[in-house]
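Here is the structure we will look at, set down as structure tokens.
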Amino acid sequence: MARVLVSGASVAGPTLAFWLRHHGFEVTVVEKAGAVRGGGYPIDIRGTAVEVVDRMGLLPRVAAKHIDTRRLTFVDIDGREVGTIRPEEVTGGVEGRDLELPRGDLTDVLYDAVRDRVDFRFGDSIAALTEHGTGVDVVFRGGDRATFDLVIGADGLHSGTRRLAFGPEADHLRHLGYCFAGFTMPNHLGLAHGGITWNTPGKAGVLYAAGASDRLHAFLTFSSPEPPAGAHRDPAAQRDLVAAEFAGHGWEIPRMVAAMRAADDLYFDVVSQIHLPAWSTGRVALVGDAAHAPSFLSGQGSSIALVGAYVLAGELATHADHTEAFAAYERGLRGFVERNQALATGGAPTLIPRTAEELRLRDAALADPSLLPGRTSREVTTALALADYA
Ligand SMILES: Cc1cc2nc3c(=O)[nH]c(=O)nc-3n(C[C@H](O)[C@H](O)[C@H](O)COP(=O)(O)OP(=O)(O)OC[C@H]3O[C@@H](n4cnc5c(N)ncnc54)[C@H](O)[C@@H]3O)c2cc1C
């Protein structure tokens with residue numbers, strides 16, 4: 001029985017572990033955090049990805065966590081309402097089928113489905129990989145050593161596996177021209193099942209209520225043609241940068257900036273995608289954001305992570321040779337992934353128009369939802385027919 005090491009236990013990692021176990025592989029998952037992370041911002045499961053969750057037998061449990069977002073309101077620089085739409089008019093989601101839930105609720109369900117059948121090593125990560133003719137020797141940061149037949153990086157946008165096996169992140173990360181800060185704050189507006197987006201050209205402030213929670217997810221996003229120097233690893237500099245970008249604005253922005261400064265769950269990053277010429281090298285392959293992060297502007301990161309994990313496990317099960325399996329995985333998935341990545345980059349983003357003209361066009365589209373990207377999104381998210389690997 002082939003032994004596979006998976007790095008990362010969020011969406012792609014446990015899904016891959018589930019399907020590899022299903023096909024008879026022996027699986028170890030190494031996760032640098034001390035446990036599967038709960039809570040978090042809402043993510044979508046749409047189109048083909050719903051079918052993956054269904055085939056795992058997890059649809060009822062995931063559907064029970066659906067937060068049922070009903071409306072998205074957009075306001076102008078002074079906080080005046082410009083329009084209100086249903087989320088499906090942007091995302092292409094199908095009411096009653098597609099799902100939205102906190103990321104941690106999804107990872108809890110996925111982890112529960114495999115925890116008894118897979119060896120999880122929390123609080124550890126891969127320090128070194130050495131490939132030879134019959135396997136990959138792995139040194140863990142905790143000091144242990146082991147040999148696996150295959151190693152799969154499911155460790156996200158800033159994947160350590162990718163860095164070790166494919167080279168520096170800068171070679172593969174495509175900056176989309178924005179930075180964002182995400183954090184939670186009290187739901188002082190009493191919002192439920194929806195969100196409000198404030199815009200001025202190149203800036204967006206979003207307050208989002210996942211269901212009827214007493215906390216809001218808040219996002220401050222701003223255009224930044226180049227990645228900000230130095231702010232990447234310094235939380236104080238990140239807070240200063242975001243505060244400076246939003247200084248002097250009205251509506252809820254001052255309250256959001258104050259909450260961002262006080263937040264203990266601030267997540268700051270550049271909005272970026274991962275593009276690699278190949279998703280495998282030798283006995284190491286990548287899945288999910290590590291291989292092809294599409295950015296949150298696509299709304300499809302979790303969905304293509306679920307689909308990719310299913311396809312990768314299936315191809316490994318149906319090819320005796322891992323090189324052929326990895327090639328088939330990429331052949332089957334790359335077109336779908338690239339179309340999903342293009343949701344974030346094709347045309348002006350609905351969430352954060354960059355210029356006054358893009359903002360004017362977006363506002364006009366709110367009044368005529370046939371101009372919004374819902375139909376395109378629907379086509380793209382359902383574009384892959386899943387193979388049946390048994
Ligand atoms: C603010 C925000 C909003 C988003 N909104 C949406 C949305 O609406 N819809 C959607 O589909 N997607 C959304 N996404 C994207 C989505 O979260 C990701 O695409 C998805 O989680 C990818 O799953 P993954 O398992 O590939 O990677 P991740 O979820 O990033 O998980 C990687 C895992 O690997 C672990 N790890 C990292 N480094 C190492 C290491 N060196 N060794 C071991 N473990 C490691 C991490 O702790 C983590 O558990 C959003 C993302 C953000 C940041």
Side-chain angles (χ1 to χ4, degrees), residues 5-17 28-38 40-47 49-50 67 69 87 90-91 93 98-104 106-107 110-111 120-129 138 140-142 151-165 169 178-184 195 206 208 210 217-221 265-274 286-309 312 337 340-341 343-344 351 377 381:
L5 175 65
V6 178
S7 173
S10 173
V11 179
T15 307
L16 180 66
T28 300
V29 179
V30 59
E31 162 60 52
K32 77 172 179 190
V36 170
R37 295 181 196 176
Y41 49 83
I43 52 100
D44 297 282
I45 303 177
R46 293 201 286 261
V50 179
I67 60 173
T69 298
V90 177
T91 66
D98 292 351
L99 299 165
E100 185 184 17
L101 70 166
R103 185 174 75 156
L106 175 62
T107 55
L110 295 171
Y111 172 60
F120 278 88
R121 301 173 65 112
F122 286 105
D124 206 350
S125 60
I126 302 171
L129 295 169
V138 175
F140 292 97
R141 286 212 187 280
V151 174
I152 313 290
D155 39 9
L157 178 64
H158 301 297
S159 165
T161 311
R162 191 181 60 231
R163 189 170 22 78
L164 288 171
E169 178 172 296
Y178 305 96
C179 294
F180 77 99
F183 51 96
T184 62
V206 179
Y208 199 82
H217 292 277
F219 300 95
L220 292 166
T221 306
D265 56 2
L266 174 65
Y267 182 80
F268 175 91
D269 209 341
V270 294
V271 180
S272 47
Q273 293 186 331
I274 294 296
L286 302 172
V287 67
D289 270 13
H292 45 60
S295 87
F296 75 88
L297 293 178
S298 77
Q300 276 294 98
S302 310
S303 290
I304 58 178
L306 287 160
V307 173
L312 175 56
V337 160
N340 278 278
Q341 287 183 313
L343 289 174
L351 176 68
S377 302
T381 59

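All ligand and atom numbering here is 1-based and tracks the order in the structure.
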Check whether any side-chain N or O of [X] sits under 3.5 Å from a backbone N or O of [Y] as a donor-acceptor pair, and report yes or no.
{"X": "D124", "Y": "G142", "result": "yes"}
{"X": "Q341", "Y": "A293", "result": "yes"}
{"X": "S298", "Y": "S295", "result": "yes"}
{"X": "R162", "Y": "A290", "result": "yes"}
{"X": "Q273", "Y": "A344", "result": "no"}
{"X": "S377", "Y": "V90", "result": "yes"}
{"X": "D265", "Y": "T184", "result": "yes"}

Could you check [atom] against the protein and tell me its nearest heavy-atom contact, residue, atom and distance included?
{"atom": "atom 23 (O) of ligand 1", "result": "V11 CB, 3.6 Å"}
{"atom": "atom 13 (C) of ligand 1", "result": "I43 CG2, 3.6 Å"}
{"atom": "atom 11 (O) of ligand 1", "result": "S302 N, 2.9 Å"}
{"atom": "atom 27 (O) of ligand 1", "result": "G156 CA, 3.6 Å"}
{"atom": "atom 51 (C) of ligand 1", "result": "Y41 OH, 3.2 Å"}

Side chain, backbone, both or neither: the part of V30 lying under 4.0 Å from ligand 1 by heavy atom: backbone
Per-residue contact class, A154 against ligand 1 - non-hydrogen pairs under 4.0 Å: backbone
Could you grab the distance from atom [atom1] of [X] to atom [atom2] of [Y], nearest 0.5 Å is fine?
{"X": "Q300", "Y": "R46", "atom1": "CD", "atom2": "CZ", "result": "4.5 Å"}
{"X": "F180", "Y": "L351", "atom1": "CZ", "atom2": "CG", "result": "11.0 Å"}
{"X": "D269", "Y": "H158", "atom1": "CG", "atom2": "NE2", "result": "3.5 Å"}
{"X": "S10", "Y": "L110", "atom1": "OG", "atom2": "CG", "result": "8.5 Å"}
{"X": "I152", "Y": "L16", "atom1": "CD1", "atom2": "CG", "result": "6.0 Å"}

Atoms of ligand 1, numbered as shown, that sit under 4.0 Å from any heavy atom of [X]:
{"X": "G299", "answer": "7 (C), 9 (N), 10 (C), 11 (O)"}
{"X": "F219", "answer": "1 (C)"}
{"X": "R37", "answer": "47 (O)"}
{"X": "D44", "answer": "7 (C), 8 (O), 9 (N), 10 (C), 11 (O)"}
{"X": "R103", "answer": "17 (O), 21 (O), 28 (P), 29 (O), 30 (O)"}
{"X": "G288", "answer": "26 (O)"}
{"X": "Y267", "answer": "53 (C)"}
{"X": "Q300", "answer": "10 (C), 11 (O)"}

So, 4.0 Å and heavy atoms of [X]: is ligand 1 close enough to count as a contact?
{"X": "A293", "answer": "no"}
{"X": "G182", "answer": "no"}
{"X": "H158", "answer": "no"}
{"X": "P42", "answer": "yes"}

Report the member of [options] with the shortest heavy-atom distance to [atom].
{"atom": "atom 32 (C) of ligand 1", "options": "V206, L297, D155", "value": "D155"}
{"atom": "atom 22 (C) of ligand 1", "options": "L106, D289, L306", "value": "D289"}
{"atom": "atom 47 (O) of ligand 1", "options": "H292, K32, E31, H217", "value": "E31"}
{"atom": "atom 24 (P) of ligand 1", "options": "A12, P294, A9", "value": "A12"}

Indicate yes or no: does an N/O atom of [X] lie under 3.5 Å from an N/O atom of ligand 1?
{"X": "S10", "answer": "yes"}
{"X": "A290", "answer": "no"}
{"X": "G301", "answer": "yes"}

Centroid-centroid distance, F120 to Y111, less than 6.0 Å: yes
Ring center gap for F183 and F268 short of 6.0 angstrom: no
Heavy-atom closest contact (F122 atom, V36 atom, distance): CE2-N, 3.6 Å
